[in-house]
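Because only heavy atoms are used, hydrogens play no part in the values below, and waters and symmetry mates are left out as well, while side chains stay in. Chain identifiers are assigned alphabetically (A, B, ...) following the order of the sequence lines, protein sequences preceding nucleic acid strands; residue numbering begins at 1 within each chain.
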Protein chains: 2
Amino acid sequence: MRATLPPKPGLYVSGNRLLDALPEADRAGLEADLEIVSLEAHKFTHSVGGVMSHVNFPIDAVLSVVATLKNGETVEVGTVGREGFVESDAALDSPLSQRTSFCQVRGTVGRMSIERFEARMASSATFARLMRRNVRALLFSAQQFAACNAKHSILQRSARWLSMTGDRVGSAEFTLSFDFLAIMLGVGRPGVSAAADALQNTGAITYHRGAWKILDKPLLNATACECYEACKLAFAASLRG
Amino acid sequence: MRATLPPKPGLYVSGNRLLDALPEADRAGLEADLEIVSLEAHKFTHSVGGVMSHVNFPIDAVLSVVATLKNGETVEVGTVGREGFVESDAALDSPLSQRTSFCQVRGTVGRMSIERFEARMASSATFARLMRRNVRALLFSAQQFAACNAKHSILQRSARWLSMTGDRVGSAEFTLSFDFLAIMLGVGRPGVSAAADALQNTGAITYHRGAWKILDKPLLNATACECYEACKLAFAASLRG
DNA sequence: AGAGCTGCGTACGAAAACGTACCGTGCTGT
DNA sequence: ACAGCACGGTACGTTTTCGTACGCAGCTCT
C-alpha cells in the first residue's frame, strides 16, 4: 500500500501521491507528521461546521465530500483518493470545515494535525503551492459535478463513479452498496440498479452483494461521461505543480 | 454604483464588497491598480485554458462561471457579483484559467492586472487571506450547485437564480432572456417558461421580453431552494475574513 | 437450524423534464 | 411603414426518473 510513484531511494514515501509529489526538502519530517490510520467505510472524518483537528491524505481509502440538504439528503460533491486530501478548507485559510467528508471505501489515510499542516503551509511555499493547486482541482471537480448532475444520465454517472473509484483504490475490486451509490449520485436506487445491470451486461463490470469488480476499464471509461476524464486530468495537472 | 458598504471617510471605495472589506492599509494604491470597465452582457472575461491577464472584481455586473461540455453545452457552475471576483485560479497559484467566465448581466467591474494581483497576494497576508476565503465560498457554492442540480426542481432553481442575481445587481430589475437562463440551469427553455409563469402568478416577479422585475423578494426567496440562502451565507462569511 | 439483517431484483403508476416545432409579439433598423 | 429578428408563449409526444412497494437471496449470529 505504499510507493505508488517511483520512490527515490532513501526517501520516505507516503503512498499519497500529493505528498509524494513534494520535492525532497519538503518531505523532511513527513513521517513524523503523519499518523497512518485505518478507516472503515462510512466513517466520518469531519462534519460540516466543525473545527478541524486533522487533515487526511488518503493512501488507499476513498473519501467522499458531501453536501447535506435540509431534508437530510446528502449528495456527493467531491471524491478524494490518494491524489488529494481532505479537508481542503485548511488550505483556504479557514479552521472550519464547510462540508462533511467520510470514508467511502475502506482503507488507510495519512493523518496530519492541523497545526503541523498550517506550519508547513506557512513555512514552505512549495508545500502551500501544491496544496492550493490541489484545491484548484477539487474546485474544478465540484464544478464538473454540477454540470454532470444537470446533464448526464444515471448510467453515465454511475460509470463515472466506478471508474473514478477504481483509479483511487488502485484495484479493480471494491465494496459499495447500491443504496450508497444512489445516495452519492443523488438518484433513486432503481436507477442505479438499472445502470449496474447495463454495465454488467456489456461486460464492463460484475457485482455481487456490494462487491464490485471492474472487468474492462476502457469500456467502463467509455461508458462514463467526459467528466471522468476531465477530473482525472485536473488532478493529474495539480500533482505536476 | 459605488459605496455599497458604509465608506470610511477619505478612503477609496471600489463598490466591490470584497475589496471594500480590506483594512485601510491594504486599500492603499487600490485605485491605481483598478481599471473600471463596462461589460456588455455575454462578453467573456476569460476562456478555459487561457493565460489570465486580469482579475475582475464586479461592481454591479454579474458574471457567470460556466463549464463547457464536449457537445458544446454550457452549464453555470458559479455566479459572481460584487461579493467576489473572477478568475479564482489566480488565488490558487495558477496562471491558467480552468473555466470560462463571462458577463451575465451588464454592468461595471474593477479590473486588476494579474501582475498586480499576484504582487498583492505575495505582499499582504491579509489580502491573500481574504481572496482565499472568497475562493472557499466559491468552492462551497460550486458544491451546492452540484447538489442543487441533482435534487431541486426547475422552479426552485429558477427562483434561486433570480434571487441571487437580484442581490448581486443591487436592483430589483435586470435583463436576461429565457434561453440564457435555461442554458445556465442546464434545462430546456419550456421548463424555464413554466417556472417564470408560476413565479409571475404568485406575484413574486414580473417579466417582459427579457426584462425581469422582482416584486416580492421574500416570496421569491421562499420559492427558491435552500441553496440560495446557503450560498449567500457562505459569501457573507468570506467577507468577514 | 432459525431469526434477522442487508443487499438487490423488479414492477408500476406518477411526475418531471425533454425536445421539437410552430406561431405570436414587440422591438429595431432602414 | 415595413422587414427582420429576438423573445417567448404553447403544445404534445417521448423519455427519463421518481417513489414506493413487495419479495427473494445470501450472510451472520446465536
So, do Trp212(A) and Phe178(A) have ring centers that fall under 6.0 Å from each other?
-> yes

Would you confirm whether the ring centroid of Phe85(B) sits within less than 6.0 angstrom of the ring centroid of Phe117(B)?
-> yes

Distance in angstrom units between [X] [atom1] and [N] [atom2], rounded:
X         : N       : atom1 : atom2 : answer
Ile205(A) : dC8(C)  : CD1   : C1'   : 13 Å
His208(B) : dC7(D)  : NE2   : C1'   : 9 Å
His42(B)  : dA6(D)  : NE2   : P     : 13 Å
Trp212(A) : dC8(C)  : CH2   : C1'   : 11 Å
Phe180(A) : dT6(C)  : CZ    : C1'   : 13 Å
His152(B) : dT17(D) : NE2   : P     : 18 Å
Phe178(A) : dT10(C) : CZ    : P     : 11 Å
Leu181(B) : dC7(D)  : CG    : P     : 13 Å

So does Arg189(A) reach the base of dG9(C) with its side chain, donor to acceptor, closer than 3.5 Å?
-> yes

Could you tell me whether [X] contacts a base, only the sugar-phosphate backbone, or nothing, with contacts defined as non-hydrogen atoms closer than 4.0 Å?
X         : answer
Ser193(B) : base
Asp197(B) : sugar-phosphate
Gly191(A) : nothing
Val187(A) : sugar-phosphate

Quick one: sort the Phe180(B) and His42(B) rings into parallel, tilted or perpendicular, breaks at 30° and 60°.
-> parallel

Taking for each residue the nucleotide of DNA chain D with the nearest heavy atom, is it Arg209(A) or Pro190(A) whose nucleotide lies nearer the 5' end?
-> Pro190(A)

Phe145(B) backbone acceptor or donor facing Arg157(B) side chain under 3.5 Å = no

Select from Ala194(A) and Lys151(A) the residue whose nearest nucleotide in DNA chain C is closer to the 5' end of that strand.
-> Ala194(A)

Distance (rounded to the nearest 0.5 Å) between Leu181(A) CG and Arg189(A) CZ | 12.0 Å

